[in-house]
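Values below: all heavy atoms of this structure, side chains included; hydrogens, waters and symmetry mates excluded. Labels below follow one simple rule: chain letters A, B, ... track the order of the sequence lines, proteins then strands, and each chain is numbered from 1. Only a predicted model underlies this, so the values are computations on that prediction, with no experimental measurement involved.
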Amino acid sequence: MNRTSVFQAVSATVSLGSILLRGWVRTRRDAKEVTFLEINDGSCLKNVQVVVDHAVADKRFKDVNTGASVEIRGEHVASPAAGQSWEVRAERVVLIGMADQETYPLQKKRHSDEFLRTIAHLRPRTNKYGAMARIRSEAAFAVHDFFRGRGFWHLHAPILTGSDCEGAGEMFRVTSLSPEHRPKPGADVHAEDFFGKQANLTVSGQLEAELFACALGQVYTFGPTFRAENSNTPRHAAEFWMIEPEFTFGDLAEDMQLAEDLTKAMVRQVMEHRADDLELFGKFVDKTLLGDLETLLARPFARISYAQAIDILEDSKRDFEFQVLFGSDLQTEHERFLAEEHFKQPVIVHDYPRTIKPFYMRLNDDGETVAAMDLLVPRVGELVGGSQREERLNILSDRMDEQGLNKDAYWWYLDTRRFGSAPHAGFGMGFERFLMMITGATNIRDVIPFPRTPGHLEF
RNA sequence: UCCCUGGUAGCUCAAUCGGCAGAGCGGGUGGCUGUUAACCACUAGGUUGGCGGUUCAAGUCCGUCCCGGGGAGCCA
């Protein structure tokens with residue numbers, strides 16, 4: 001007999017007849033002659049109610065309690081009571097794994113996010129974190145779906161990297177040597193290591209994506225990214241997932257449009273396919289969430305230059321903690337003001353001063369700004385950061401000197417500008433930041449299954 | 001890393017001026033009931049984060065360390 005999912009059982013339009021269910025007991029309510037079980041198997045947010053006549057209960061039935069796993073055979077019938085349209089009249093209930101009620105940490109009540117973080121191995125069994133996991137899965141699928149539809153190829157960028165200067169961020173070092181290993185006197189510390197040189201975990205797949213974009217036209221990476229920054233905020237994790245498209249023969253305007261289209265496609269797909277799960281967040285996490293998502297889809301994102309952003313901030317007459325100053329980077333409070341108060345919707349800020357942006361961003365004709373863009377959204381701040389890349393060898397080379405980079409280490413990167421160089425652009429989207437935006441979660445530790453942050457490597 | 005704020009029962013929290021450590025939920029037992037955050041009664045459950053200090057007396061005051069949360073920096 002094939003197993004029926006809870007989703008199939010609760011969303012049926014006609015009776016499914018005799019079925020087999022497997023799942024976990026969420027609650028148990030005892031009545032005089034029958035017991036009501038709510039069964040969830042992760043296939044959807046809803047539980048299915050199972051009615052167990054005490055005549056069919058065996059000796060182990062007393063242990064069929066919250067948290068236990070069970071197998072149930074029974075008849076799928078219309079429910080006579082309010083609250084659910086279908087229920088299962090059990091013919092046989094088998095306890096597969098019991099859960100001791102005195103020590104099982106999940107109760108039939110609301111738990112704080114802080115507490116659930118300490119039991120991250122069990123929190124996916126709650127409504128909220130189950131919904132989060134399904135939304136995360138759907139959003140990831142939306143990414144692939146979107147790019148596939150636009151002719152982008154999915155590129156698996158390497159996780160291990162030999163460049164020690166990929167970006168400004170601190171990197172995790174990778175070694176196969178034991179902590180006790182001591183190199184021979186005078187020898188290079190990395191010479192005896194696995195790769196014969198220093199190895200790190202990637203902080204971005206961008207440079208590799210650029211190489212492939214200059215061959216396949218348009219590509220994207222979607223994988224884990226690692227930053228060893230000692231940042232303790234609700235928006236940073238040491239391991240997170242990033243989406244990085246890169247396309248040739250395009251400019252910054254197309255880059256901004258791509259970021260907007262991707263964001264909207266992901267929101268739309270989650271709203272369509274995980275409506276129940278999303279509704280839970282609209283109900284219990286943030287009441288304005290669903291309305292804000294509708295607004296996000298309905299209007300084009302605002303677009304302003306960095307110079308205009310400075311003007312808006314100055315005209316606001318706000319008493320910012322950090323002074324608004326042309327030439328310095330926007331502070332968190334500035335970004336939040338723009339997205340949450342001034343525009344009240346996503347806003348793209350473009351053409352930043354060259355001095356505050358990395359070497360690979362394309363120098364504009366004014367010689368002072370670069371073709372960079374940041375997508376700022378309410379609730380999370382910077383969701384996307386991108387740019388048109390500098391494709392002119394001499395200018396790129398000058399900018400690398402300007403920022404004190406060792407050009408020898410980037411010989412392969414510079415080769416793309418030597419041989420058939422082409423204008424290209426791309427961006428990075430923080431996947432967890434997207435999930436915070438779409439669920440209203442205020443802490444990144446709650447949108448990733450097992451968060452890695454400074455001092456935390458549990459589970 | 002810096003600043004702010006917390007840590008009391010399994011969970012969420014209360015405890016006045018320094019004066020006998022409590023409630024709700026959850027657990028256990030019993031009752032009632034086609035129930036649905038079920039309901040009613042009884043019951044168990046504490047090194048008040050750790051260490052040190054002040055005091056007749058510390059959950060409460062002081063020092064220090066650990067941990068949580070928020071803000072900042074860095075960024076996605």
Side-chain angles (χ1 to χ4, degrees), chain A residues 26-39 46-54 62 65-67 77 79-84 87 89 99-119 126-127 167-170 203-206 222-244 259 284 320-322 329-336 356-358 374-377 380-386 427-437 442-448 453-456 458:
Chain A
R26 282 295 178 80
T27 73
R28 168 180 179 147
R29 293 180 295 272
D30 286 302
K32 191 174 186 181
E33 277 153 18
V34 296
T35 290
F36 298 93
L37 302 174
E38 298 268 351
I39 306 297
K46 289 197 181 81
N47 305 320
V48 64
Q49 171 164 288
V50 174
V51 188
V52 184
D53 194 299
H54 292 163
K62 63 175 172 40
N65 265 315
T66 306
V77 297
S79 178
Q84 62 281 315
E87 63 184 27
R89 204 149 298 165
D100 177 25
Q101 295 304 287
E102 293 205 41
T103 51
Y104 184 59
L106 290 175
Q107 307 171 356
K108 294 191 288 187
K109 58 171 243 180
R110 199 187 165 280
H111 288 292
S112 67
D113 292 325
E114 290 80 6
F115 171 67
L116 290 172
R117 249 171 249 157
T118 68
I119 50 166
T126 65
N127 287 338
E170 285 293 311
V203 293
S204 164
Q206 180 196 317
F222 182 12
T225 309
F226 308 88
R227 302 275 168 92
E229 306 280 352
N230 185 17
S231 32
N232 291 283
T233 84
R235 293 183 301 280
H236 293 86
E239 178 185 86
F240 62 99
W241 285 63
M242 191 152 64
I243 300 144
E244 296 179 289
F284 298 113
F320 292 113
E321 195 187 331
F322 290 87
D329 213 352
L330 299 179
Q331 301 291 318
T332 299
E333 57 176 343
H334 302 148
E335 295 181 345
R336 296 193 65 152
I356 56 172
K357 291 292 183 184
D374 282 353
L375 168 56
L376 311 177
V377 299
V380 299
E382 187 179 343
L383 174 66
V384 167
F427 61 79
M429 173 189 281
F431 188 53
E432 283 74 20
R433 296 254 174 107
F434 173 84
L435 291 170
M436 291 172 74
M437 181 188 80
T442 52
N443 197 313
I444 197 169
R445 299 174 185 102
D446 297 333
V447 303
I448 194 163
T453 53
H456 294 276
E458 244 354 280

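- Between A/F115 and A/H111, the angle of the ring planes lies from 30° to 60°, which puts this pair in the tilted group.
- Every side chain to side chain donor-acceptor pair (under 3.5 Å) that A/R336 has, sequence neighbours left out, goes to A/E340.
- With A/R28 as the fixed residue, the side-chain contact (heavy atoms from CB on, under 4.5 Å) test singles out one of A/V50, A/N65, A/V52: A/N65.
- A/F427 meets the ring pair (Phe, Tyr, Trp, His ring centres under 6.0 Å) test with no other residue; sequence neighbours excluded.
- The side chain to side chain contact (heavy atoms under 4.5 Å, CB included) search around A/R117 returns A/D113, A/E114, A/R123, A/N443, A/R445, A/D446, not counting sequence neighbours.
- Across all strands, A/S112 comes closer than 4.0 Å only to sugar-phosphate atoms, never to a base (heavy-atom distances).
- Comparing B/G73, B/U12, B/G69 against the side chain of A/R445 picks out B/G69 as the nearest.
- Between A/F431 and A/F240 there is no side-chain heavy-atom pair separated by less than 4.5 Å.
- The side chain to side chain donor-acceptor pair (under 3.5 Å) test applied to A/S112 returns no partner, not counting sequence neighbours.
- To the nearest angstrom, C1' of B/U12 lies 10 Å from CZ of A/R110.
- Residues that satisfy the side chain to side chain contact (heavy atoms under 4.5 Å, CB included) test with A/K62, not counting sequence neighbours, are absent from this structure.
- Contact annotation: side chain of A/H111 to base of B/C11, donor-acceptor pair absent below 3.5 Å.
- The line from OG of A/S204 to CZ of A/R227 is 6.5 Å long, rounded to the nearest 0.5 Å.
- Note on A/R235: every side-chain N or O is 4.0 Å or more away from OP1 and OP2 of B/C74.
- By the salt bridge (charged side-chain N to carboxylate O under 4.0 Å, His left out) test, A/D329 is found to be paired with no residue, residues two or more places apart in sequence or in another chain being considered.
- At whole-Å resolution of the value, CD1 in A/I356 and P in B/C74 are 10 Å apart.
- Side-chain contact check for A/L106 versus A/T66: every heavy-atom pair is 4.5 Å or farther apart.
- The NE2 atom of A/H236 sits 12 Å away from the P atom of B/G71 (whole-angstrom rounding).
- Side-chain atoms of A/F115 lie closest to B/C11 of the nucleotides B/C11, B/G69, B/A72.
- Residue A/H456 places at least one side-chain N or O under 4.0 Å from the OP1 or OP2 atom of B/G68.
- Paired regions of RNA chain B, where each region holds three or more successive Watson-Crick or G-U pairs whose two hydrogen-bonding distances fall under 3.5 Å, are B:1-7 with B:66-72, B:10-13 with B:22-25, B:27-31 with B:39-43, B:49-53 with B:61-65.
- Comparing B/C32 with B/C13, their P atoms are spaced 37 Å from each other, to the whole Å.
- One finds no side-chain N or O of A/T233 lying less than 4.0 angstrom from the OP1 or OP2 phosphate oxygen of B/G73.
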List every contact pair, protein side and nucleotides 44-51 of chain B side both N or O, where the distance is under 3.5 Å.
none

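- A/T233 and A/H236 share a side-chain donor-acceptor pair at under 3.5 Å.
- With sequence neighbours left out, A/Q101 forms a side chain to side chain donor-acceptor pair (under 3.5 Å) with no residue at all.
- Both A/E335 and A/T442 sit near RNA chain B, but only A/T442 has its closest nucleotide nearer the 5' end.
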Between N or O atoms, less than 3.5 Å apart, protein on one side and nucleotides 64-66 of chain B on the other: list the pairs.
none

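- Nearest-nucleotide positions on RNA chain B for A/R117 and A/R433 put A/R117 closer to the 5' end.
- Atoms CD (A/E458) and P (B/C67) sit 12 Å apart, rounded to a whole Å.
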Return a single string for nucleotides 25-39 of chain B, one symbol per nucleotide in 5' to 3' order, where B is base contact, S is sugar-phosphate-only contact and - is none, cutoff 4.0 angstrom on heavy atoms.
BSSS----BBBB-B-

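- Taking the side chain to side chain contact (heavy atoms under 4.5 Å, CB included) definition, one finds that A/E239 meets it with A/F226, A/R452, sequence neighbours left out.
- Within the 4.0 Å cut-off from OP1 or OP2 of B/G73, not a single side-chain nitrogen or oxygen of A/N230 is found.
- Atom CD1 in A/I444 sits about 13 Å away from atom P in B/G69, given to the nearest Å.
- When side chains are defined from C-beta on, A/I448 does not count as touching A/L435, because their heavy atoms never get closer than 4.5 Å.
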